[in-house]
Number of protein chains: 2
Amino acid sequence: MGIAERKEREKQQRRNAIIDAAERLIFEKGYENTTMDMVAEEAELSKGTLYLYFKSKEGLYLAINARGMKILEQMFRDAAREVTTGLEKIVNIGKAYFKFSQEFHNYFQAMIHYEAKKPDTDMELPCWDSCETQGMRTLEVVARAVETGIEDGSIRADVDPMQVAMALWGHTTGLIQVLALKVNQLEKFNDVTLEDIINTSFKMTRNGLAG
Amino acid sequence: MGIAERKEREKQQRRNAIIDAAERLIFEKGYENTTMDMVAEEAELSKGTLYLYFKSKEGLYLAINARGMKILEQMFRDAAREVTTGLEKIVNIGKAYFKFSQEFHNYFQAMIHYEAKKPDTDMELPCWDSCETQGMRTLEVVARAVETGIEDGSIRADVDPMQVAMALWGHTTGLIQVLALKVNQLEKFNDVTLEDIINTSFKMTRNGLAG
DNA sequence: ACAACAACTGACTAACAGTCATTTAATAGG
DNA sequence: CCTATTAAATGACTGTTAGTCAGTTGTTGT
C-alpha cells in the first residue's frame, strides 16, 4: 500500500511549493512587505492552507532559513576540501561564508533575522530545532578544520577547536552583517572597500590562529 | 523672551518622558509585545501625541537605541583610559563591550534590532543619522586605540587603524549576539561557558594584532 | 454506492500602527 | 482683562494583516 507514501510525498511537494512561493515574494519585496495573502495567491492556494503547513509566518520564514543553512553547510564542506592545511581550510571557509553572503544575500538576511530574535521567541517551533542542529553540523565542519590545523601544525595547539569554531562563526557573521549595513557610509566617508575590511579581518584571524 | 527656550526645554522633557515610558515597557515585555497604546497609557498621554514626537514605533525604538549607544561610547572611553598600551586598550574595550551586553542587555538588544534591519529601511528617519554618527564616534575611540598601539609598538604596524576598528566591531558584536542566542544550547550540549568562548576570542584577537 | 477521513477554502475576527478633525491650553496684542 | 492666534493634545476612526474555523470538496477503503 504505497498510498500513504505517495500522500506523504505530495505533502512535502506542496510544502516545498509554498516555500518556493514565499521565497520568490520575500526575496523580492522583503519579509515585512510580504503578506500571507500574497504568498497564498502566489502559491495558488488559500491562506488557510498555508497554516496547515506552517504554524505562522515566522515559521514559514524559518523554513526558508533552513534551506539557506543547508546551502551554507555544503559551501563550507567544499571550501574545506579544496585546500590542505587546517589554517588554509579556516581561511577558505571564511571566504566561502563571505561569498555566501553575497551570492545568497537573501538567505543570509534570513539567517540574520533569526540571530537577532530573542532566544525565547518561538522556541517551540518544530523547525527551530532543525535549524539549530543544522547550525551545529555547520559548526562542526569548522571545528574539524581547526583540529586538522592543530594536528598538521598550522594552527597553535593551545586552543579548543569547538571554542575557536564558535568564536569564528560569531566573528564572521557579525562582520559581514555590520558591513552589509554600512556599505553605503563605508565607501563614501572613509575610502575603504568592503573587501579591504574583510581582508584585514582574515589577516587578523590568520595571525591569531597561526601555530 | 525666554518663553521659546522654556517651551523647547519642556518639549525635550516630554520627549524623554515618552522614551522613559517606552523603555520601561519594551525592556520588560519586548518590542513586539509592546503596543503604542500601552506606551501612551504608561506615559499618561494620548496615542496621537506620541506621533507628534516620534514618526513611528520604530523611530521611538531608535531613540532608545541612541541612549544605549551613548552609554556604550562612554564605556569605551573609560576602558581605553584605564590602561596604557594600545593592545591593552583594545582588549579592555572588548571587555567593556561584553560587560555592556550583560549589564545593559536591553540596549544591546535594541542595537541588534537595527543592525539586523535592511539598510534601506527607514533610512529617512532623522534619528538614524544621529545613531550613525554616534556609531562612528564610538568606532573612532577604537581606531585611536589601534593607532596608539601601532605607535607604542604593541600592535603590528602593517594594518590600517580604521579598518581594524571596523573588523573588531563586527567581530565582537557578532560573537556576543551569537552567544546570547546559544547560551542555552551552549552550556548543555557542549560543556563550555560563555566566558570560555569570549576568552578564546580575546586570545585570538590579541595574537592577531600583537606587534 | 457510501461512509469515513483528509485536504482545502475564504469569509471572519482581533489586534495594532498610524491619521486627522476637533478640542483644549498657552501666548501675544490691544 | 478680554480676545485672537497659534501651539499642543486628544481619541475615535481607518486600513492592514496575521491567524481562525465552520463548512465544502475530494479521496480512500469497504
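A note on names: the letters A, B, ... follow the listed sequences, proteins ahead of strands, and every chain is numbered from 1. Everything numeric in this text was worked out from a predicted model, so none of it was measured.
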Whole angstrom is fine here: how far is it from [atom1] in [X] over to [atom2] in [N]?
X	N	atom1	atom2	result
A:Asp37	D:dA18	CG	P	7 Å
A:Ile26	D:dA18	CD1	P	10 Å
A:Glu8	C:dA6	CD	P	13 Å
B:Leu50	C:dC20	CG	C1'	15 Å
B:Lys7	D:dA8	NZ	C1'	7 Å
B:Glu41	D:dT10	CD	P	13 Å
A:Phe54	D:dA18	CZ	C1'	16 Å
B:Asn33	C:dA17	CG	P	11 Å

Item to check | Most 5' of A:Leu52 and B:Tyr51 on DNA chain C, judged by nearest nucleotide | outcome: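 This one resolves to A:Leu52.
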Item to check | Geometric class of the B:His171/A:His171 ring pair [parallel <30°, tilted 30-60°, perpendicular >60°] | outcome: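 Plane angle under 30°, so parallel.
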Checklist entry - Mind checking whether B:Tyr114 and B:Tyr61 have parallel, tilted or perpendicular rings, split at 30° and 60°? => result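 Tilted: the ring planes of B:Tyr114 and B:Tyr61 meet at 30° to 60°.
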Checklist entry - Among A:Met75, A:Lys99, A:Arg67, A:Gln109, whose side chain to side chain contact (heavy atoms under 4.5 Å, CB included) with A:Phe104 holds? => result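 Result: among A:Met75, A:Lys99, A:Arg67, A:Gln109, A:Met75 is the only option passing the side chain to side chain contact (heavy atoms under 4.5 Å, CB included) with A:Phe104.
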Could you check which of [options] has an atom nearest any side-chain atom of [X]?
X	options	answer
A:Lys57	D:dA8, D:dG19, C:dA6	D:dG19
A:Arg14	D:dT28, C:dC8, C:dG18	C:dC8
B:Thr49	D:dG19, D:dT10, C:dA6	D:dT10
A:Arg6	D:dT28, C:dT27, C:dC8	D:dT28
B:Lys11	C:dA17, C:dA7, D:dA8	D:dA8

Item to check | side-chain N/O B:Ser46 vs D:dT10 OP1/OP2, d < 4.0 Å | outcome: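 B:Ser46 to D:dT10 OP1/OP2: side-chain N or O found under 4.0 Å.
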Checklist entry - Counting any heavy atom closer than 4.0 Å, what does A:Leu45 reach on the DNA or RNA strands: base, sugar-phosphate only, or nothing? => result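 Counting heavy atoms under 4.0 Å across all strands, the contact made by A:Leu45 is with sugar-phosphate only.
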Checklist entry - Reckon A:Tyr53 touches a base, only the sugar-phosphate, or nothing at all at heavy-atom distances under 4.0 Å? => result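 Since only primed, P, OP1 and OP2 atoms lie under 4.0 Å of A:Tyr53, the category is sugar-phosphate.
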Item to check | Rounded distance [0.5 Å steps], CZ in B:Phe202 versus CD in B:Glu195 | outcome: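 It is 10.5 Å, given to the nearest 0.5 Å.
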Checklist entry - Going by atom types alone, do B:Arg137 and B:Gln134 pair a side-chain donor with an acceptor below 3.5 Å? => result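 A pair is found: one side chain offers a donor N or O, the other an acceptor, under 3.5 Å apart.
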Next on the checklist: Do B:Lys70 and B:Tyr107 form a cation-pi contact, if we require the NZ or CZ to be under 6.0 Å from the six-membered ring centre and within 45 degrees of the ring's axis?
Outcome noted: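 Verdict for B:Tyr107: no cation-pi partner in B:Lys70.
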Between the protein and nucleotides 11-15 of chain C, which nitrogen or oxygen pairs are less than 3.5 angstrom apart?
none

Item to check | Ion pair check, A:Arg77 and A:Glu73, cut-off under 4.0 Å | outcome: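 So A:Arg77 pairs with A:Glu73 through a salt bridge.
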